[in-house]
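Worksheet: the structure to be examined is printed underneath.
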Amino acid sequence: MKIRGFRIELEAIESRLSARADVREAACRVQGEGPQQQIVAFVVPTNPASPPSFDALKAAIREQLPEYMVPAHFGLLAALPTAVSGKLDRRALPILEVHAPEPHGRITDPRDEIEERITTAVRRVFNLKERVSVDHDFFNDFGGDSLRAAMLISALRDDPVTAALAVRDLYQTRTIEGLAQRVRNTSGHANSHKPTEPAKRLNPLFATIVQSAWLLLGLMVTGPALYLLAFHIVPDATASLGLAPFLLTTPLLYAAGICLYAVGSVIFAVMVKKVLIGRYQPVRAPIWGSFYVRNWIVQQTARLIPWRFFDGTVFVSVILRALGAKVGRGVHIGRGVGLVHGGWDLLEIGDNVSISRDATLRLVDLEDGQIIVGPISIGADCTLDIRSGLGPNTRMEPDSYLAAQGYALSGAVLSRGARWAGIPAAPAGEAPPAAQLTEGSHELSPVMHGVVLLGAKLLFTALAVLPVALAVLLYAQVQGIDTAAATAWLLHPTINTDQFLLSALVAVLIVPALLVSRCVSMRTLGKIPEGVVSRWSYTYIRVLLKRDILDWANDWLNGTLLWRVWLRGAGMKIARDTELSTIFDTVPELVELGPGTFFADGIYLGAPHVHRGTVTLARTKLGASVFLGNYAVIPIGQTIPDGVLLGVCTVADDRIITRGTSWFGEPPFELPKREIVEADARLTHKPSWIRYANRVFWELLRFALPLVPLLLVATWFAVLEAVQPEVSLAVLAFGVVPALDLGFLVGLCLFGLALKWFLLGRVRPGTRTLWSCWCSRWDFNYIAWHYLALAPMQALEGTVLLNGYLRALGVKIGKNVVVGDVFALVVDPDMLELQDGATVSCLFQAHTFEDRVLKIDRVVIGKNSSVGIGAVLLYGCHIGDGTRVAGHSVVMKRERLQPNHTYAGCPTHLVG
């Protein structure tokens, strides 16, 4: 049987107990439901007058078996129940009433008021009536788990005397007396800002009018451009070149168009920034005011830049310099680094700096209804590791290092040559030196490296378009369509039923075809060797190209049964019964996964480590039954043993992780026990063929999603063809076409909205198993939303228009709520409640998939509270009114943060 996700052998526990001289025989059972399940053991003492100490029994088992097989509670029996056959009748074992440990042993009563308060809270959490000892272990003696830990700390935060306690304190001290000592040590240091009137909120009406006008202006500009392209440029090019030459040159024309657009978008963003902002200065201004709206427009233009096309090249630095930043030579900026929010004139980056994947440079932040702009300075030879971040008004001195998941709060200075880690970032030793290059490693100049990489990206893009062009050419030859007929059709497009069905077939098959071709491309790029290479080497170009292909495949296959098949084809070693969601920056051939591995979303798996101009490449191995929570980081070269669980936003460290243990936090600490949900194996690991077929159906249905935009495009052309003879060219280009473009975008959003309510309806808190039909529908809805509605919704970020759409999805949003730039993709809208005046830019994790069971519950953000960028709020948490949560923090499930306090950390704690 399984408990806490691990296979439990009750007979093994019984044999160890029975081997003791003071135990005649023993039996075990699992009692409780859901998260309350625990192992209990019954012993028949050799000498009933002198029974064995339960603490001694527990200690003996802990020395011989893994922690997850240690019974939570013990009981005494005169004899074990047996069946007619004489064998143990396990079902006849009594239900052991949970009580304080060792009631017959020594009890150390509370010795002062602090210990008394904590004892009262412990008894309330465990529903105990008898005395408890202040030196008993919360996990091993009381049988606590991660859920009860959050409940206890939340209860203690209700008391002003113990309000400063954090979840980490409980895991580190584990006893009542230990917690009491923490309270004594921190007495007088708790930070609670006085409840003050929240910053004055401006009426968003004026801002909304200007923002809407800007969005409509965009349609007015792009509409005529699309009309010109569709009805003039393409037909004229076809007539001039001939049908076959035009189709064969389409890949080259497409690549050239990408280059022209990339350069033009940069020039446009620079011009808009100079006109509306000039030079950025440190400022704190109200949201919906003049500065906020002008900065929002600049952000919209910056989003037009194809950052993914440029990333990995030195040209990202060139763009930042054009926008006003001071950027040195040899700077590495990874994918996902937020560069579109503005404030570039206040950014200074020294030579040879490395900024890793999804790092945060928060030049512009939102807090308490205000927009805050502050400088960030990064000295020479500094490194920001994966998903680390700097708040406004921060500085990294030369040669300093910010570890993965670390975040420096506003005003922080990271000293020269030091390694900083945690939230808020604190000194954690010396910065690591640059790795020694492997002999024979060659490098290019940064400019030549960028040119080669961009050329390779354009080549892959052209090769993706070529099969479509060849298919169209083949169809034209079979149907006898010549240049004149093709030109006439382009000028007056009509599609009959057969042509539409053929187009639909191509739309459905194009993604699977591209997935196959790009899997072959991963092999064609060759194996990446282990070692240390230059950041500007040909080897790293191949790494970046593989990363681009992997990211694209991620969007279509994550969480599916086909994902592991594709990854195997790309070179990864994956054992059976694995479940993988999105992974980032992974080199497939350098990763090995054991059986039963489960990944949640957003796993940074074995990413090449870029540091001071070098790139370290090494093999990463994960054992059997490893669970990785959302945004977990597995640094390159790690070897993770069997049965390990890493919680949300946790960085793996194989120097301390042992088999069968659970870890969470930054820096990580061990979870002796965690909340568990048991379910029928047929719903989690061994599905019936009907459930298997159901999941395959919903996963394959993803490939039909291109039919929605195809239908809307066909409608776009049909309406234009019908309207053209009735209106003037000016009305057509500047009225009808923009209206159709708007209808296209609204249609995508409405489809996403209707799909959510059709597939899921109003979602309620609860649990669902991995192989349930509901989970398959839920997953499909997420992918459909990402593919169809994400782009239009991103255009609405920073406007109150987005609030209205989120309400339609099911989010409870109060008045004057300000939402940041992460709300365009909301997975569990029915679970979110944002009360009046809240300012939020965080990530909501209203569900988890531990034990292959989806657990989902509400997340509440109180009135006038602020939650920073990249913070993760787990299901069941509640942010108090007027409370601030720092960026990159993690609020644990069921955790309650008290009103009018400031919290930071993973997990959160009070900060000054």
Side-chain angles (χ1 to χ4, degrees), residues 4-5 67 145-147 149-150 166-168 170-172 356-359 385-389 402-407 420-426 428 580-586 593 597-607 620 622-623 625-675 842-843 845 847-851 870-875 877 886-893 895 904-909:
R4 299 182 211 122
E67 183 65 37
D145 53 27
S146 57
L147 173 60
V167 173
R168 184 183 293 273
L170 177 56
Y171 279 96
Q172 290 176 339
S356 301
R357 176 100 187 211
D358 292 340
D385 211 335
I386 294 171
R387 208 175 176 271
S388 60
L402 184 56
Q405 303 285 10
Y407 188 75
W420 292 69
I423 309 165
L580 310 177
S581 192
T582 47
I583 55 176
F584 298 135
D585 281 10
T586 302
L593 306 180
T597 299
F598 191 103
F599 288 2
D601 277 328
I603 305 302
Y604 301 88
L605 179 62
T620 303
L622 275 66
S625 300
V626 172
F627 177 92
L628 303 182
N630 299 76
Y631 318 116
V633 177
I634 310 297
I636 196 163
Q638 292 278 303
T639 299
I640 308 301
D642 297 347
V644 167
L645 179 143
L646 293 181
V648 171
C649 298
T650 301
V651 182
D653 185 352
D654 58 7
R655 296 170 299 178
I656 60 175
I657 292 175
T658 57
R659 180 179 182 271
T661 54
S662 300
W663 298 80
F664 170 68
E666 175 50 36
F669 56 88
E670 186 177 356
L671 304 175
K673 293 182 181 178
R674 61 179 179 84
E675 180 188 9
C842 58
L843 301 169
Q845 197 60 47
H847 70 273
T848 63
F849 245 121
E850 296 174 24
D851 309 313
V872 178
L873 309 187
L874 292 176
Y875 68 85
C877 74
H888 289 229
S889 299
V890 176
V891 184
M892 293 186 68
K893 52 194 174 186
E895 187 176 6
C906 175
T908 58
H909 58 272

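Note that CD of Gln845 and CE of Met892 are 13.5 Å apart. Values are rounded to the nearest 0.5 Å. One distance of note links CG of Asp654 with OG1 of Thr639; it measures 5.5 Å at 0.5 Å rounding. Within the model, atoms CG of Leu645 and CD1 of Ile640 stand 11.5 Å from one another, a figure rounded to the nearest 0.5 Å.
Smallest separation of non-hydrogen atoms from Ala871 and Cys842: O-CB, 3.3 Å. Closest of all the heavy-atom pairs between Arg357 and Phe584 is NH2-CD2, 3.5 Å. Minimum heavy-atom separation, Pro668 to Thr650: CB-CG2, 3.9 Å. Minimum interatomic distance between Ile656 and Trp663 (heavy atoms only, all atoms of both residues): O-CZ2, 3.4 Å. In terms of heavy-atom proximity, Ile386 sits nearest to Ala607 at CD1-CB, 3.8 Å. The minimum heavy-atom distance between Gly629 and Ala600, with the atom names listed, is C-CB, 3.9 Å.
Without hydrogens or angle criteria, Ser388 side chain to Ala404 main chain gives no donor-acceptor distance under 3.5 Å. Under the 3.5 Å distance criterion, the side-chain polar atoms of Glu895 are left unmatched by any main-chain donor or acceptor of Ala150. Panel note: side chain Thr582, backbone Gly602; a donor-acceptor pair is recorded below 3.5 Å. Using a distance-only test at 3.5 Å, with no hydrogens or angles considered, no donor-acceptor pair links the side chain of Ser889 to the main chain of Cys906. The main-chain N or O of Ala403 is never found under 3.5 Å from a side-chain atom of Glu666 such that the two would form a donor-acceptor pair.
With contacts defined as side-chain heavy-atom distances shorter than 4.5 Å, the pair Val651/Pro635 qualifies. Residues Asn630 and Leu843 fail the side-chain proximity criterion, which asks for heavy atoms closer than 4.5 Å. The side-chain heavy atoms of Cys649 and Arg387, taken from C-beta on, include a pair separated by under 4.5 Å. Residues Asp385 and Val633 have side chains not in contact (no heavy-atom distance under 4.5 Å, counting atoms from C-beta outward). Two residues are said to be in side-chain contact when any heavy atoms from C-beta on lie closer than 4.5 Å; Ser581 and Ile603 fail this criterion.
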Please determine whether side-chain contact (heavy atoms from CB on, under 4.5 Å) holds for the pair Tyr631 and Val890, giving the CA-CA distance in whole Å, both sets of side-chain angles, and the decisive distance to 0.1 Å.
CA-CA 11 Å; Tyr631 318 116; Val890 176; over 6 Å; no
May I have the step-by-step check of side-chain contact (heavy atoms from CB on, under 4.5 Å) for Leu628 and Leu622, ending in yes or no?
CA-CA 10 Å; Leu628 303 182; Leu622 275 66; 3.8 Å; yes
Would you sort out whether Asp358 and Tyr604 count as a side-chain hydrogen bond (donor to acceptor under 3.5 Å, both in side chains), showing the intermediate values?
CA-CA 10 Å; Asp358 292 340; Tyr604 301 88; 2.6 Å; yes
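Classified by interplanar angle (parallel below 30°, tilted 30° to 60°, perpendicular above 60°), the ring pair Phe669/Phe664 is perpendicular.
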